[in-house]
Amino acid sequence: MTEVLNTGSHDLPVTDELAAFMRTGWAGERRAGIAPLPIAPWAAKRRAALAQRFPGERLVIPAGTLKVRSNDSDYRFRPHSAYSYLTGAGESDDVLVIEPSGEAVLYVRPRAPREEGQEFYRDRRYGEFWAGPRPDLAEAAELYQVECAHIRDLDLKGPARVLRGVDASVDARVERGGGDAELESFLSEMRLIKDEWEVGELRSAVEATVRGFEDVVRALPQAMGHRRGERYLEGVFGLRARLEGDAVGYDSIVASGSHACVLHWIRNDGPLRRDDLLLMDAGVESDTLYTADVTRTFPLSGRFSAVQRQVYELVYEAQTAAIATLRPGARFRDFHLAAMRVICEGLRDWGLLKEPADTLLETGLYRRYTLCSSGHMLGLDVHDCAKSRAEVYLDGVLEEGQVLTVEPGLYLQPDDLTLPEELRGIGVRIEDDLVITADGAELLSGGLPRHPDEIEAWMGTLL
């Protein structure tokens with residue numbers, strides 16, 4: 001087999017003498033302390049449920065491939081969420097196959113033996129000296145508690161359902177079938193109800209996120225003196241995410257002043273002005289890739305002005321009404337409708353809109369000021385289970401074990417002439433993470449205050 005190496009500008013020619021020298025004189029490569037991952041028994045149950053859903057069929061779920069960031073530099077790899085859910089593994093280019101018998105085989109690219117070639121010290125993408133060690137086959141089997149084989153032995157001939165769009169080389173080797181979309185939907189729908197292990201991971205991610213928000217408030221005095229104060233705070237939260245988890249679960253939104261009216265403001269290059277509000281939407285992603293998703297809007301001065309409090313309290317009341325609807329059997333859309341009814345009534349009370357709430361909900365005119373839906377499922381993806389069928393997610397009912405966010409907001413654009421001048425440029429969103437319980441919902445992110453009085457008191461203890 002011809003050795004193909006991913007080399008680049010740092011690579012130097014290797015003489016025969018150096019190649020021979022590099023193949024010898026190494027201690028044993030077996031890593032110490034290899035033990036099954038805590039996720040392993042849960043992943044096995046999930047693979048069994050998947051095999052049961054498609055009995056007698058071959059199912060192919062790739063991890064995904066490295067993606068180029070620039071020239072010969074790749075982004076840090078993150079496996080596809082369905083693959084992570086079913087294996088707990090995190091290396092690129094691997095492929096999970098569930099055979100018609102129901103047995104699972106994980107095809108992996110193990111680290112290259114040092115006596116067999118130059119990959120371990122020359123290959124920029126996969127070489128151990130460049131990218132760190134990958135498990136060998138025995139180690140992978142021990143970690144993931146599943147049969148493992150070398151990726152070069154993967155045979156994709158014959159019919160199979162494939163999770164497509166993840167690994168182009170896999171897609172090209174399996175003829176497209178009509179059942180691929182059904183597999184993708186089911187892989188998404190499997191994750192709608194979280195098991196006990198998943199809820200624990202999400203709880204830990206939320207708790208770390210709470211500490212990250214506390215870090216941000218403590219850093220305000222230093223950040224407000226920097227011309228890119230938003231970015232300063234992004235870095236402060238990012239440090240917490242890297243120390244306690246894998247990273248942030250999505251690009252943090254750190255939006256001061258009118259930047260808060262941009263739903264996905266991730267440039268984070270603005271200054272912090274004492275009289276403005278700061279909207280921060282951020283979440284720590286755990287080492288197991290479960291992410292929190294929390295938003296708080298707070299006054300940079302530590303105290304809300306009268307008009308800032310007016311806008312904030314309306315969003316707070318909308319979120320409180322939404323949270324009150326959460327229980328098993330409620331429609332998924334109920335919490336959004338409850339929040340928007342409060343928003344409509346508030347906008348009418350302010351004189352911005354004249355029609356009754358029922359009419360506004362029908363015409364959608366209120367959306368000029370709030371724009372989007374009020375929440376989503378949460379888990380391995382920040383917008384989790386997105387490939388699920390509408391009838392079991394968006395048009396479905398809530399079930400115990402589901403984890404979701406509730407995040408109504410008002411975004412009063414700075415150039416909106418339908419608004420009185422004092423309201424223009426104010427953006428407020430409050431977002432919390434909740435798990436549906438047998439008789440309601442548990443507020444996972446309750447470690448952060450929501451009410452404006454509580455926010456002011458909280459900031460006062462940290463600044």
Side-chain angles (χ1 to χ4, degrees), residues 206 209-210 212-214 216-217 233 237 249-250 252-265 276-284 291-300 302-305 307-326 334-347 350 366-367 369-378 382-383 403-412 423 425-435 441-459 462:
V206 171
T209 298
V210 168
F213 272 84
E214 293 170 348
V216 163
V217 173
L233 298 181
F237 187 88
Y250 52 95
S252 299
I253 298 167
V254 188
S256 63
S258 62
H259 289 167
C261 299
V262 180
L263 288 174
H264 289 170
W265 176 262
D276 284 341
L277 295 175
L278 178 77
L279 185 158
M280 183 159 182
D281 185 335
V284 172
T291 186
D293 182 8
V294 176
T295 306
R296 285 297 183 268
T297 307
F298 46 86
L300 288 168
R303 305 284 296 182
F304 290 96
S305 70
V307 69
Q308 288 170 349
R309 181 177 279 264
Q310 173 189 343
V311 177
Y312 186 94
E313 286 182 341
L314 179 53
V315 177
Y316 172 80
E317 291 165 4
Q319 193 202 31
T320 300
I323 291 173
T325 72
L326 299 178
D334 284 350
F335 74 87
H336 170 67
L337 294 174
M340 292 304 100
R341 180 171 292 278
V342 173
I343 292 290
C344 288
E345 290 170 349
L347 294 173
W350 292 356
Y366 69 95
R367 292 182 60 189
Y369 309 110
T370 189
L371 295 175
C372 65
S373 185
S374 301
H376 50 82
M377 293 296 177
L378 183 69
V382 65
H383 296 150
V403 178
L404 69 161
T405 73
V406 177
E407 53 169 326
L410 280 171
Y411 312 98
L412 309 178
L423 287 176
I426 295 178
V428 172
R429 178 164 66 252
I430 312 170
E431 181 178 23
D432 283 280
D433 303 342
L434 301 102
V435 57
E442 178 190 351
L443 184 63
L444 297 176
S445 47
L448 286 175
R450 295 172 50 243
H451 190 277
D453 291 344
E454 295 172 345
I455 285 180
E456 290 179 347
W458 171 69
M459 295 183 70
L462 295 171

Between [atom1] of [X] and [atom2] of [Y], what distance do you get to the nearest 0.5 Å?
X	Y	atom1	atom2	value
Leu233	Leu300	CG	CG	8.0 Å
Thr291	Tyr250	OG1	OH	6.0 Å
Phe298	Leu278	CZ	CG	4.5 Å
Asp334	Thr325	CG	OG1	6.0 Å
Tyr312	Ile426	OH	CD1	14.0 Å
Arg450	Ile323	CZ	CD1	4.5 Å

Decide whether Ser445 and Asp432 meet the rule of one side-chain donor and one side-chain acceptor closer than 3.5 Å.
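The criterion, which ignores hydrogens and geometry beyond distance, is satisfied for Asp432 and Ser445.
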Please tell me if the side chains of [X] and [Y] come closer than 4.5 Å, counting only heavy atoms from C-beta onward.
X	Y	value
Tyr316	Val428	no
Glu317	Glu345	no
Glu431	Val294	no
Thr297	Gln308	no

List the residues meeting side-chain contact (heavy atoms from CB on, under 4.5 Å) with [X], not counting sequence neighbours, and say none if there are none.
X	result
Ser258	Pro414
Arg367	none
Ser373	His336

Does any N or O in the side chain of Asp433 come within less than 3.5 Å of the main-chain N or O of Asp293, such that one atom is a donor and the other an acceptor?
yes
Any donor-acceptor N/O pair, Arg296 side chain to Pro449 backbone, under 3.5 Å:
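A pair under 3.5 Å: yes.
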Tell me the closest heavy-atom pair linking Ala321 and Ala338, and the distance in Å.
O-CB, 3.9 Å
For a quick test of reading the model, state the closest non-hydrogen atom pair linking Thr209 to Ala292 and the distance between them.
OG1-CB, 3.2 Å
For Phe335, what residues pass the ring-ring contact (aromatic ring centres under 6.0 Å, His included) criterion, not counting sequence neighbours?
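Testing Phe335 for ring-ring contact (aromatic ring centres under 6.0 Å, His included), a comparison that skips the adjacent residues, returns Phe332.
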Residue list, ring-ring contact (aromatic ring centres under 6.0 Å, His included) with Phe213, at least two apart or on another chain
Phe237
Considering residues at least two apart in sequence or located in another chain, which fulfil the salt bridge (Lys or Arg N to Asp or Glu O under 4.0 Å) criterion with Arg429?
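With sequence neighbours excluded, Arg429 shows a salt bridge (Lys or Arg N to Asp or Glu O under 4.0 Å) to Asp281, Glu407, given in chain and number order.
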